[in-house]
Amino acid sequence: MYIVDDIKTIAKEAGVIMMTAKAPKIMEKEGHANFCTETDEKIQAFLIDRLQKVLPEAAFLGEEDGQDVFTEKMSEGYCFVLDPIDGTSNFIYSYRPSVVSIALLKAGKPYMAVIYNPFDDMMFSATAGKGAYMNEEKIMSANTPLSDSLAVFGTAPYYSELQERTFEIAKNLLPLCVDLRRSGTAAWDMCCVALGRCNLYFELKIQLWDYAAAALIAKEAGCKITDIEGNELSFRGPTSVLCMGQGVKETPKCFL
Ligand code: IPD
Ligand code: CA
């Protein structure tokens, strides 16, 4: 059995914790409407406990519990990057989906990724250079042009200073595609581009745990994934993200 199968098993169990949570306590974090629930913390503790046994030498970076600071040591060797619930607001308001996101960095670059959506029982996985999968089937992003595709964006909700620019880009993107969507989970948005459900995702600021796993899945599904200036992602901290499926050959003019 490969490590990725162990990680998938653990992600699925984390999904059960998410689905069976009953009225968890909600805590506020820094930024506009930025929440954490008892369930986020519970899942993160569960993931660390179980993943430690799979790869004892790995370091851990996670969204919750003060484990969110990237250190130099994390760019050497192995490091798990965890988002126990991507889409915490969705989870609080029962607005689906929310996902469990697990990336494994090797020497600071994504090496393995698992994202699980327990609402639809959809398990995404990828290993660098070996393709992306959803429930064991190889996936590729869509080969259709943007004009014939949906596009999705994130509102960078915790950073009010980015609102105007976000909606300016969204306004200029709308006439270039079929229509726009906003799901409430960045990891899921990129999985949808990888799956070919939509063909572009952008957001002006997301954190490492939001994009580390999804970026590998999208890349392995043939997507181009950069920051919105077209630079490679750093995999060290927050960044803007532009993820385009195979059919989007050029950066749309609203980003230039
Ligand atoms: C958030 C979601 C949301 C995105 C935010 C993220 P969280 O993560 O991915 O879609 O717009 O930028 O921070 O807080 O639900 O884990
Ligand atoms: Ca997140």
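Every number for a ligand or one of its atoms is a count from 1 in the order of the listing. All of these numbers come straight from a predicted model, not from anything done at the bench.
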Test your reading of the structure: does [X] have an N or O sitting under 3.5 Å from an N or O of ligand 1?
X	answer
Pro157	no
Ser89	no
Asp189	no

Apply the test side-chain hydrogen bond (donor to acceptor under 3.5 Å, both in side chains) to residues Asp40 and Thr37: give CA-CA distance (whole Å), side-chain angles for both, the deciding distance (0.1 Å), then the verdict. CA-CA 5 Å; Asp40 296 65; Thr37 72; 2.5 Å; yes
Which ligand 1 atoms are under 4.0 Å away from a heavy-atom of [X]?
X	value
Thr185	2 (C), 9 (O), 10 (O)
Ile206	12 (O)
Asp83	16 (O)
Gly87	7 (P), 15 (O), 16 (O)

Is the closest side-chain heavy-atom distance between [X] and [Y] below 4.5 Å?
X	Y	answer
Trp188	Ser101	no
Phe70	Val81	no
Arg50	Glu13	yes

Just going by heavy-atom distances, which of Pro84, Gly31, Ser183, Gly184 is nearest to atom 2 (C) of ligand 1? Gly184
Heavy-atom proximity to atom 4 (C) of ligand 1, best of Glu63, Glu203, Lys205: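 It is Glu203 that holds the nearest heavy atom.
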Side-chain donor/acceptor of [X] to backbone N/O of [Y], under 3.5 Å:
X	Y	answer
Gln44	Glu63	yes
Asn199	Asp148	no
Thr185	Ser98	no

Quick one: angle Asp83 OD2 - the Ca ion (ligand 2) - Asp210 OD1, to the nearest 10°?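 If I round to 10°, I get 100°.
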SB check Glu136 Lys8 (cutoff 4.0 Å):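 Counted as a salt bridge, because a side-chain N and a carboxylate O are separated by less than 4.0 Å.
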Among Val99, Ile115, Asn117, find the residue that satisfies the side chain to side chain contact (heavy atoms under 4.5 Å, CB included) test when tested with Met122. Asn117
How are the rings of Phe80 and Phe60 set relative to one another: parallel (under 30°), tilted (30 to 60°) or perpendicular (over 60°)?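 Aromatic pair Phe80/Phe60 classed parallel.
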For Tyr158 and ligand 1, answer yes if some heavy atom of the residue is under 4.0 Å from a ligand atom, otherwise no.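 Judged by the 4.0 Å heavy-atom criterion, Tyr158 does count as contacting ligand 1.
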Min heavy-atom dist Arg182 to ligand 1 below 4.0 Å: yes
Identity and separation of the nearest protein heavy atom to atom 1 (C) of ligand 1: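 Ranked first by proximity to atom 1 (C) of ligand 1 is Asp86 OD1, 3.8 Å.
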Please find the N/O/S atom of Asp86 nearest to the Ca ion (ligand 2) and write down its name. OD1
Tell me which part of Glu64 gets within contact of ligand 1: side chain, backbone, both or neither, using heavy atoms under 4.0 Å.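 Neither part.
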I need the contact type for Ile85 against ligand 1. Using non-hydrogen atoms and a strict under-4.0 Å cut-off, is it side chain, backbone, both or neither? backbone
